[in-house]
Amino acid sequence: MSLEIDRRKRRFDVILGTNEIASAIAVQLARAGDCVLLSYDPDRPVLRRKMAFHDALFAGSAQVEDVLGERVDDRIQVLKAAREHGSRRASVLVSRLGIFDLLPIAPIDVLIDARLQKRAVSPDLRRLAALSIGVGPGFSASSNCDVAVETRPGKIGLADQDSWTEAPDGIASRLGERGAERFVYSKIAGRWQTSAEIGTPIYKGLVIGHLSGMPVAAPLDGMLRGIVRDGTEVPSGVKLLEVDARGPLARWTGIDNRGRAIANATLNAICRGAERLKQNRLR
């Protein structure tokens with residue numbers, strides 16, 4: 001069977017990552033009419049799952065604002081879903097298939113690395129797609145992607161051609177009056193177990209879950225904004241949960257201001273690379 005997608009009417013975009021930033025970008029591209037697939041990153045657990053398509057990998061579907069994410073498990077399902085794309089409301093595909101599983105299905109028009117890897121070496125994305133975009137730390141348009149997007153708060157936007165996006169400084173962004181103290185990090189590697197639901201009111205000291213049998217308590221009073229999915233094997237030093245202490249202003253669903261700004265910057269990156277994309281598709 002020939003695994004070919006009709007690309008005359010739409011772009012085929014692949015986004016690496018299923019976190020809230022990858023999902024915000026996917027929402028914008030899906031609304032623009034693209035066929036979008038998010039590829040799961042097993043190396044970093046997803047925290048803000050109500051702002052992301054991540055849970056579609058487990059439940060079969062998940063929704064962010066007005067866009068539906070649907071799980072696909074193999075190349076045939078990707079092909080079928082891509083062919084049907086455009087006949088339904090705005091939607092995206094979510095899969096455990098990696099980039100090298102997806103390449104045989106069809107040439108990728110836009111490849112976006114939105115995994116936001118803070119410590120790993122960013123791969124060279126060039127030549128894997130007509131247009132490659134690196135989002136977050138570790139990218140340079142002169143070294144490992146066609147266009148780089150800066151995600152540091154206050155500096156969100158396109159990076160200069162020859163410069164690298166900024167390395168993480170270890171300082172958590174502010175949410176209301178709170179910074180790093182709103183998070184709980186894993187002290188050891190282990191299996192995370194919790195029955196807590198995102199959006200639940202919690203108070204400081206309440207045991208929210210257990211990491212390899214060790215109790216993990218809430219650091220603040222507030223609403224549970226994010227929490228790693230029950231049953232996840234987590235490395236040490238990653239975020240397990242987040243509390244929004246802003247009272248009536250607390251939000252845990254949809255796209256937040258930072259995600260929307262990064263998604264818009266990524267769309268600008270695609271516009272910048274549009275001529276390159278056009279030339280590569282004509283080759």
Side-chain angles (χ1 to χ4, degrees), residues 13-30 36-49 51-58 62 64 69 71 92-103 108 110-129 131-141 143-153 156 158-159 164-170 172-173 183 185-186 226 228-229 232-240 242 255-256 258-263 265-267 269-270:
D13 307 334
V14 172
I15 303 174
L16 304 181
T18 55
N19 58 60
E20 78 278 7
I21 300 301
S23 298
I25 295 168
V27 166
Q28 297 287 57
L29 293 176
V36 185
L37 184 144
L38 293 102
S39 174
Y40 170 61
D41 172 21
D43 294 330
R44 194 171 180 197
V46 174
L47 191 70
R48 298 170 185 143
R49 294 182 288 110
M51 298 180 175
F53 292 112
H54 177 74
D55 280 357
L57 294 168
F58 305 90
V64 178
R71 188 184 71 208
V92 302
L93 311 176
V94 189
S95 182
R96 294 181 183 273
L97 296 174
I99 182 64
F100 294 108
D101 299 309
L102 297 168
L103 284 172
I108 298 170
V110 182
L111 174 62
I112 302 168
D113 191 337
R115 293 174 291 177
L116 305 181
Q117 301 181 98
K118 294 184 177 180
R119 298 178 182 86
V121 176
S122 299
D124 191 341
L125 304 177
R126 295 170 298 180
R127 295 179 294 279
L128 294 178
L131 178 67
S132 61
I133 300 171
V135 177
F139 287 106
S140 170
S143 298
N144 57 5
C145 62
D146 297 313
V147 189
V149 176
E150 179 61 67
T151 59
R152 179 69 64 84
I156 294 172
L158 303 183
W164 289 82
T165 51
E166 292 191 26
D169 59 8
S173 60
F183 297 104
Y185 294 79
S186 56
V228 172
R229 188 178 178 87
T232 302
E233 295 288 339
V234 300
S236 63
V238 300
K239 295 170 182 173
L240 288 175
E242 178 185 15
I255 300 173
D256 64 9
R258 178 171 180 257
R260 204 174 303 279
I262 294 172
T266 304
L267 291 181
I270 292 174

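One is the number of the first residue; the rest follow in order along the sequence.
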>> Just verifying a value: how many Å separate L128 CG and L102 CG, rounded to the nearest 0.5 Å?
In response: 11.0 Å

>> I'd like to know if the side chain of E166 and the backbone of E150 have a donor-acceptor N/O pair within less than 3.5 Å.
In response: no

> Taking all atoms of both residues into account, what is the closest heavy-atom pair of R71 and F58, and its distance?
Replying inline: NH1-O, 3.9 Å

>> Which heavy atom of V135 sits nearest to which heavy atom of L116, and what is that distance?
In response: O-CD2, 3.6 Å

>> One pair to check against side-chain contact (heavy atoms from CB on, under 4.5 Å): Y185 and V234. What are the steps and the verdict?
In response: CA-CA 10 Å; Y185 294 79; V234 300; over 6 Å; no

>> With heavy-atom distances below 4.5 Å as the criterion, would you say the side chains of V238 and P45 are in contact?
In response: yes

> Are L47 and V228 side-chain neighbours, meaning at least one heavy-atom pair lies under 4.5 Å?
Replying inline: yes

> Looking only at heavy atoms, what is the nearest atom pair of G138 and T165, with distance?
Replying inline: N-OG1, 3.2 Å

> Are side-chain heavy atoms of R48 and E242 found at a separation under 4.5 Å?
Replying inline: yes

> Between atom CD1 of I108 and atom CG of L103, what is the distance when rounded to the nearest 0.5 Å?
Replying inline: 4.5 Å

> S39 and L97: which non-hydrogen atoms are nearest, and at how many Å?
Replying inline: OG-O, 2.7 Å

>> Salt bridge check, D256 against R258: does any charged N sit closer than 4.0 Å to a carboxylate O?
In response: no

>> Measuring from atom CG of D41 to atom CD1 of I15, what distance do you get when rounded to the nearest 0.5 angstrom?
In response: 13.5 Å

>> Would F53 and V27 count as a side-chain contact (heavy atoms from CB on, under 4.5 Å) here? Give the steps.
In response: CA-CA 10 Å; F53 292 112; V27 166; 3.8 Å; yes

> Looking at P137 and T151, what are the two nearest heavy atoms and their distance?
Replying inline: CD-OG1, 4.2 Å

> In Å, rounded to the nearest 0.5 Å, how long is the span from OG of S173 to CZ of R152?
Replying inline: 10.5 Å

> Is a donor on one side and an acceptor on the other found under 3.5 Å between the side chain of R115 and the backbone of A22?
Replying inline: no

> Q28 and A263: which non-hydrogen atoms are nearest, and at how many Å?
Replying inline: CG-CB, 3.6 Å

> Got a second to check how far L16's CG is from L111's CG, nearest 0.5 Å?
Replying inline: 5.0 Å

> What distance do I262 atom CD1 and I255 atom CD1 have between them, rounded to the nearest 0.5 Å?
Replying inline: 11.5 Å

>> Tell me whether S132 contacts the main-chain N or O of A129 through its side chain, where contact means a donor paired with an acceptor under 3.5 Å.
In response: no

>> Before you tell me yes or no, could you show the steps for D146 and R126 under side-chain contact (heavy atoms from CB on, under 4.5 Å), namely the whole-Å CA-CA distance, both residues' side-chain angles and the distance that decides it to 0.1 Å?
In response: CA-CA 7 Å; D146 297 313; R126 295 170 298 180; 3.9 Å; yes

> Looking at side-chain heavy atoms only, is the closest gap between H54 and Y40 below 4.5 Å?
Replying inline: yes

>> Walk me through whether I112 and L29 qualify under side-chain contact (heavy atoms from CB on, under 4.5 Å).
In response: CA-CA 11 Å; I112 302 168; L29 293 176; 3.8 Å; yes

